[in-house]
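For reference, the structure is listed below as structure tokens.
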Amino acid sequence: MRRIHILYLSLLCLVSSTLSATNHPKVVGGDISMLTEYYNAGKTYMDADGNTLATATAFLAYLKAQGLNSMRVRLFVDPSKASSTHKGEGVRQDLEYVKVLGKQIKDAGFNFLLDYHYSDTWTDPGQHSTPSAWNTTDPTTLGNYLYDYTVSTLSALKDAGAEPDDIQIGNEVTVGELWPTGKCYANGESVTTGNVIGTMANFALYLKRSAEACRQVCPNAKIVLHTELSNNGWGAKTLYNTLKKYDVDYDIIGLSYYPYHHGKLSVLEDVLNSLTRDFPTKKIQIVETGFYYRWGPGSTDYEISQAGQKAFTDDLITLLNRYSNVNGLYWWWLEANEWGTNTNVTTNWYYAGLWSNDNGKPCSALFSLKNFITDPVRVETPYADERDCANAYTIGGAKATKATKGIVIKNGKKHVIK
């Protein structure tokens, strides 16, 4: 195991925008895909003092005041074709919906992460149905459909003033996408469904076609490739290494991490260590996380309460800030809030958001999120020998430790320790 020394450096300006993996050196925020639906249903959002946030614009301004700087929204091809069950779970976001919400996000001064679900409904490791309108099993034709759809939707968002800054080309694509033709395992193994063989070659083709469209329409946007394998370092490495063989184009490794699904923070830490070693040029973002404050699955480390939710958030941020290559954190369904009317927006209320269904006020964990970008960043420096840790010296006023190799970033400048 490599030996590391953690250097605590206050970094208000980490690196120039040309070195960052997004338009900010680090981004923190949430997926707020249901915000429009909650406001349309008359739900009441309040600030911590009980003042009403009467509009989505006021809500976003409040999040900005809490130090958040990026928002994520999902996009389905044709959610009207989704099942009633999935619609009740929140499958609502078509292009017109995202154009409006995306513009509100951009007008409020946020970075905008667009999350493509290349389907009419949810996509995750258990489901990646091909959009009903793309009725073919020919991979080339499907690749063309995907490219044309991505170009047209990104162009429409740009025209609407909602150009994304970061683009997620598929949601939790651990077992491929556009099933059955693109269904495959992380190691490249094919999956046969009926008489259709899903292959890694097809999956890689689809990713490459969507990435090509993103580069054409939004050349400054960063591309996120997303898996839920935050509890499986071997699986995560295998997926990205397999796609590397096909020259799939992307910038950021995106992970989902929920402690009640994926396990302790130490499990996530092992995966981050593994990905950092194997993919040193890639940034890593937690594009989905969450924990319940009521009525949900717990974990061995945190109680289900607002205090437990905040403790998890604080510990997660402490862990992530040990990694200079981890530059993004998003709370999933941050805006969940059924407070204020008798009409339910979703079939089952979600109690892991950061607004309370019980009183319409923000949960205490919300106010911890800014620490991901304001707390001192710990820069990991590898040492060839423990004897290299013996002497300390100063770089630009910040104490560092002598090492045979490693990079310290101070005031936006890289300092190579020799």
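When reading the values below, keep in mind they use all heavy atoms of this one structure, side chains included, and skip hydrogens, waters and symmetry mates.
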Side chains of K43 and N344, donor plus acceptor under 3.5 Å: no
Any donor-acceptor N/O pair, K158 side chain to V217 backbone, under 3.5 Å: yes
Polar side-chain atom of S70 near backbone of V28 as donor-acceptor pair, under 3.5 Å: no
Of Y258, Y351, Y260, the residue whose pairing with Y292 passes ring-ring contact (aromatic ring centres under 6.0 Å, His included): Y260
Ion pair D249/R215, N-O distance below 4.0 Å: yes
D31/R72 under salt bridge (charged side-chain N to carboxylate O under 4.0 Å, His left out): CA gap, chis, key distance, verdict: CA-CA 4 Å; D31 188 307; R72 177 183 188 245; 2.9 Å; yes
Polar side-chain atom of S83 near backbone of H86 as donor-acceptor pair, under 3.5 Å: yes
Side chain R92, main chain K87, donor-acceptor under 3.5 Å: yes
pair P362-L354: side-chain heavy atoms closer than 4.5 Å: no
Any donor-acceptor N/O pair, S33 side chain to R74 backbone, under 3.5 Å: yes
Y97 to L35 - nearest heavy-atom pair and separation: OH-N, 4.0 Å
Ring centres under 6.0 angstrom apart (W355, F59): yes
Y45 and Y39 aromatic centres sub-6.0 Å: yes
Polar side chain donor-acceptor pair, Y350 to E338, under 3.5 angstrom: no
side-chain contact (heavy atoms from CB on, under 4.5 Å) partner of P180, chosen from N202, T192, N195, V196: V196
salt_bridge(E269, R322) N-O dist < 4.0 Å: yes
Check: G182 main-chain N/O paired with H128 side-chain donor or acceptor under 3.5 Å: no
Expected output: side-chain N69 to main-chain K26 donor-acceptor under 3.5 Å: yes
Aromatic ring pairing F312/Y302, orientation class (parallel under 30°, perpendicular over 60°, tilted between): perpendicular
Check: Q309 side chain, G290 main-chain N or O, donor-acceptor pair, under 3.5 Å: no
Y118 and W134 aromatic ring geometry - parallel, tilted or perpendicular at 30°/60° bounds: tilted
Aromatic Y250 / basic K282 pairing, under 6.0 angstrom, 45° off normal: yes
Side chain T174, main chain P125, donor-acceptor under 3.5 Å: no
Test log, rule side-chain hydrogen bond (donor to acceptor under 3.5 Å, both in side chains), inputs T238 and N187: CA-CA 6 Å; T238 298; N187 63 359; over 6 Å; no
Parallel, tilted or perpendicular: ring planes of Y38 versus W333, cut at 30 and 60 degrees: tilted
Atom CD1 of I197 with >12 non-hydrogen neighbours under 6.0 angstrom: no
C218 backbone acceptor or donor facing E163 side chain under 3.5 Å: no
Within 6.0 angstrom of D159 CG, more than 12 heavy atoms from elsewhere: yes
Over 12 non-hydrogen atoms of neighbours within 6.0 angstrom of OH in Y185: no
SB check K106 D165 (cutoff 4.0 Å): yes
Whether over 12 other heavy atoms sit under 6.0 Å from K99 NZ: yes
Plane angle bin for Y116 and Y149 - parallel if under 30°, tilted between 30 and 60°, otherwise perpendicular: perpendicular
Member of H117, E89, Q127 meeting the side-chain hydrogen bond (donor to acceptor under 3.5 Å, both in side chains) criterion with W122: E89
